There are 2 protein chains.
Amino acid sequence: MATERSTPPTLLDLSTYLLSRVGKTARGLLAERLAERGLRLWDMAVLAALADFGPHAQRDLVVRLGVDPSDMAKAVDQLAAAGYVDRARDTVDRRRVSVSLTPAGRAVLADLDAEARTVQAKVLAPLDTKERQLLQGLLLRVHEGLAGADGENDGQGGQDGQDGAQIS
Amino acid sequence: MATERSTPPTLLDLSTYLLSRVGKTARGLLAERLAERGLRLWDMAVLAALADFGPHAQRDLVVRLGVDPSDMAKAVDQLAAAGYVDRARDTVDRRRVSVSLTPAGRAVLADLDAEARTVQAKVLAPLDTKERQLLQGLLLRVHEGLAGADGENDGQGGQDGQDGAQIS
DNA sequence: ACCTATAGTGGGTGCCAACCCACTAATTTT
DNA sequence: AAAATTAGTGGGTTGGCACCCACTATAGGT
């Protein structure tokens, strides 16, 4: 029988395609794990930001992660409900809400990180250690490039422009 | 002022994250271009499949690309309306609809391919030619690994399982 | 012919990401 | 102290993807 599941070479030849395809799979697998804990991908991003940079005003999280303030509010809300972060009004500027990681939050993050690495191992299975590092390095540079050159937000009519620095 | 847009190192250290992030950007940029022509990412996949493997019964496209038959119907419908593919009932088995690329379709595909390469150039800007090839090779292997290892459609309980070979 | 299986379609669902606006509360400016 | 600005929220919209079911038309087996 002819038609097995095979991707058209035209596509396979496009790094863009591979990137997008593999990326999506990776994202999907990870998201699946996170979902088991009732979290989404960028709840993890928030936790990571707090862990790496310490407590943030919610506003700063918004800036750092490039999400809509309104969405951030929802995310933080959820994380607070789960006990992973604390929300406290800033004493000096009482408009601000200072968000900080709880021990539970730190623990979950470690957990998620472990999960991520498991997924990673699965996804990158065909590569040996050296190659993985190579890939990591290349991706990192590409990522940095994107962050910098993101420049021309031509704001085309599109209703779902994905400029920002979204995670999920 | 402190908080500039910087991604938490915890995340940057995860290839999974980079993959997903960069992949998403790539996808986004490409999708944006396609959208200008009223196409979506996997309209392109359909065109590519037809170009690479010749006319397909719609059913075979479904198998090859791993999409829902119903969704394929819609996609083909749209492509046909745009004049990029021809739909003809198979003379031997009149249940089947044979889908083939029109010259217009072929032209658009070439066009899209060019667009994709433009996007690619932008995304991979930080890398030199050799590195791009390296990346391409690594991704290709990872992709193959995923295709193979995904093995059985385990039909996990998940509500949005992303098994298949989806493009978009 | 009858029954079952297969190809394609149409309609509709749930989920999630990304946005946007209107509103409150607190703060800074004048 | 009024006006303007900024932080956070709540509510709701849009669009895409993946999925599923019911239905028609055609084939094939017996």
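Numbers restart at 1 for each chain; the letters A, B, ... are given by sequence-line order, proteins then strands. In this text the structure is predicted, and so the values were computed from the model without any measurement. The analysis underlying the following values was restricted to heavy atoms, covering all of them including side chains, and did not include hydrogens, waters or symmetry mates.
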**Prompt:** What is the distance, rounded to the nearest whole Å, between atom CH2 of Trp42(B) and atom C1' of dG15(D)?
**Reply:** 14 Å
**Fill in**
Met72(B) atom CE is separated from dA18(D) atom P, nearest whole Å, by 12 Å
**Message:** Can you measure Leu39(A) atom CG to dC16(C) atom P for me and round it to whole angstrom units?
**Reply:** 12 Å
**Message:** Without decimals, in angstroms, what is the distance between Leu65(B) CG and dG8(C) C1'?
**Reply:** 16 Å
**Message:** Could you tell me how far apart Leu61(B) (CG) and dT6(C) (C1') are, to the nearest whole angstrom?
**Reply:** 16 Å
**Prompt:** Is the base of dT27(C) touched by the side chain of Arg95(A) through a donor-acceptor pair closer than 3.5 angstrom?
**Reply:** no
**Complete:** Asp93(B) atom CG is separated from dG28(D) atom C1', nearest whole Å, by 10 Å
**Message:** With a 4.5 Å cut-off on side-chain heavy atoms, are Asp77(A) and Arg87(A) touching?
**Reply:** yes
**Message:** What I want to check is whether an N or O donor and acceptor connect the side chain of Ser70(B) with the base of dC20(D) at under 3.5 Å.
**Reply:** yes
**Message:** Under 4.0 Å, heavy atoms only, any strand: does Asp68(A) hit a base, just the sugar-phosphate, or nothing?
**Reply:** base
**Side chain of Arg87(B) - closest among dC17(D), dT9(D), dT9(C)** = dT9(C)
**Prompt:** Can you find an N or O donor on one side and an acceptor on the other, under 3.5 Å apart, linking the side chain of Asp71(B) with the base of dC19(D)?
**Reply:** yes
**Prompt:** Between Arg40(A) and dA17(C), does any side-chain N or O lie under 4.0 Å from OP1 or OP2?
**Reply:** yes
**Fill in**
Arg96(A) CZ to dT27(C) P, in whole Å, measures 11 Å
**Prompt:** Contact class for Asp77(A) (heavy atom, under 4.0 Å): base, sugar-phosphate, or nothing?
**Reply:** nothing
**Complete:** DNA chain D nearest-nucleotide lookup for Thr91(B) and Arg89(A): closer to the 5′ end is Arg89(A)
**Request:** With rounding to the nearest 0.5 Å, note down the distance linking CE in Met72(A) to CD in Gln58(A).
**Result:** 7.0 Å
**Item:** Nearest-Å distance for atom pair CZ/C1', residues Arg64(B) and dA7(C)
**Value:** 18 Å
**Request:** Could you tell me whether the side chain of Leu39(A) reaches within less than 4.5 Å of the side chain of Leu79(A), counting heavy atoms only?
**Result:** yes
**Asked** Do any N or O atoms from the side chain of Arg96(A) and from the backbone of Arg89(A) form a donor-acceptor pair under 3.5 angstrom?
**Response** no
**Item:** Closest listed nucleotide, where the reference is the side chain of Lys74(A) and the choices are dG10(D), dT9(D), dG8(C)
**Value:** dG10(D)
**Request:** Look at all strands and tell whether Val99(A) reaches a base, only sugar-phosphate, or nothing, counting heavy atoms closer than 4.0 Å.
**Result:** nothing
**Request:** Return yes if a side-chain donor-acceptor contact under 3.5 Å exists between Thr118(B) and Lys122(B), otherwise no.
**Result:** no
